[in-house]
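Every value quoted in this text rests on a predicted model; they were computed, and no experiment measured them.
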Amino acid sequence: MNQPLDTPPPRRAADTTAAPAAPHGRCPAAAAKDPTPCEGPRDAATIVDRHGRESAGCVHHCARLLAGLEGARVHPFVPAPQALDVYSRARELPPFAWEIGR
């Protein structure tokens, strides 16, 4: 149930030396093996794992990430509508949902 958070931290707009965007134009919260496309803005929410590492992404992939990370939460500065959407979606998902076709 404890998924490692191996995505790079969100980069600042003025930072030109940061790592390139996720492959295929997907958000950084999308797992490499997750075939589902992003939904909405690719920086709609940020997930914080139990060690304080952050990963920004679309609502869809943040929910999938939250469902697989024990002790993770949505960043407190994410607007309430997006945070509620992430929590609601994550509640309905098993960890690593893409492995069982969800």
Indicate the atoms forming the closest heavy-atom contact of C62 with A45, along with that distance. SG-O, 3.6 Å

How long is the gap from OG1 on T46 to CG on L65, to the nearest 0.5 Å? 11.0 Å

Please name all residues satisfying side-chain contact (heavy atoms from CB on, under 4.5 Å) with P79, sequence neighbours left out, ordered by chain then number. P81, Q82

For P41, the side-chain contact (heavy atoms from CB on, under 4.5 Å) test, sequence neighbours excluded, returns D43, A44

Are side-chain heavy atoms of V86 and I47 found at a separation under 4.5 Å? yes

Work out which heavy atom in A67 is nearest to a heavy atom in A90; give both atom names and the distance. CB-O, 3.8 Å

Under 3.5 Å: donor-acceptor pair, side chain of R26, backbone of A31: yes

Using the side-chain contact (heavy atoms from CB on, under 4.5 Å) rule, pick out the option among V48, L84, L66 that qualifies with V74. L66

Taking only residues at least two apart or on different chains, which pairs with a member in residues 31-65 satisfy ring pair (Phe, Tyr, Trp, His ring centres under 6.0 Å)? none

Could you give the distance from CG (D49) to CG (L69), rounded to the nearest 0.5 Å? 6.5 Å

So NZ of K33 and CH2 of W98: to nearest 0.5 Å the spacing works out to 9.5 Å

If you compare all heavy atoms of P28 against all heavy atoms of A56, which two are closest, and at what distance to 0.1 Å? CD-O, 3.5 Å

Pairs meeting criterion ring pair (Phe, Tyr, Trp, His ring centres under 6.0 Å) with involvement of residues 65-90, two or more places apart: H75-F77

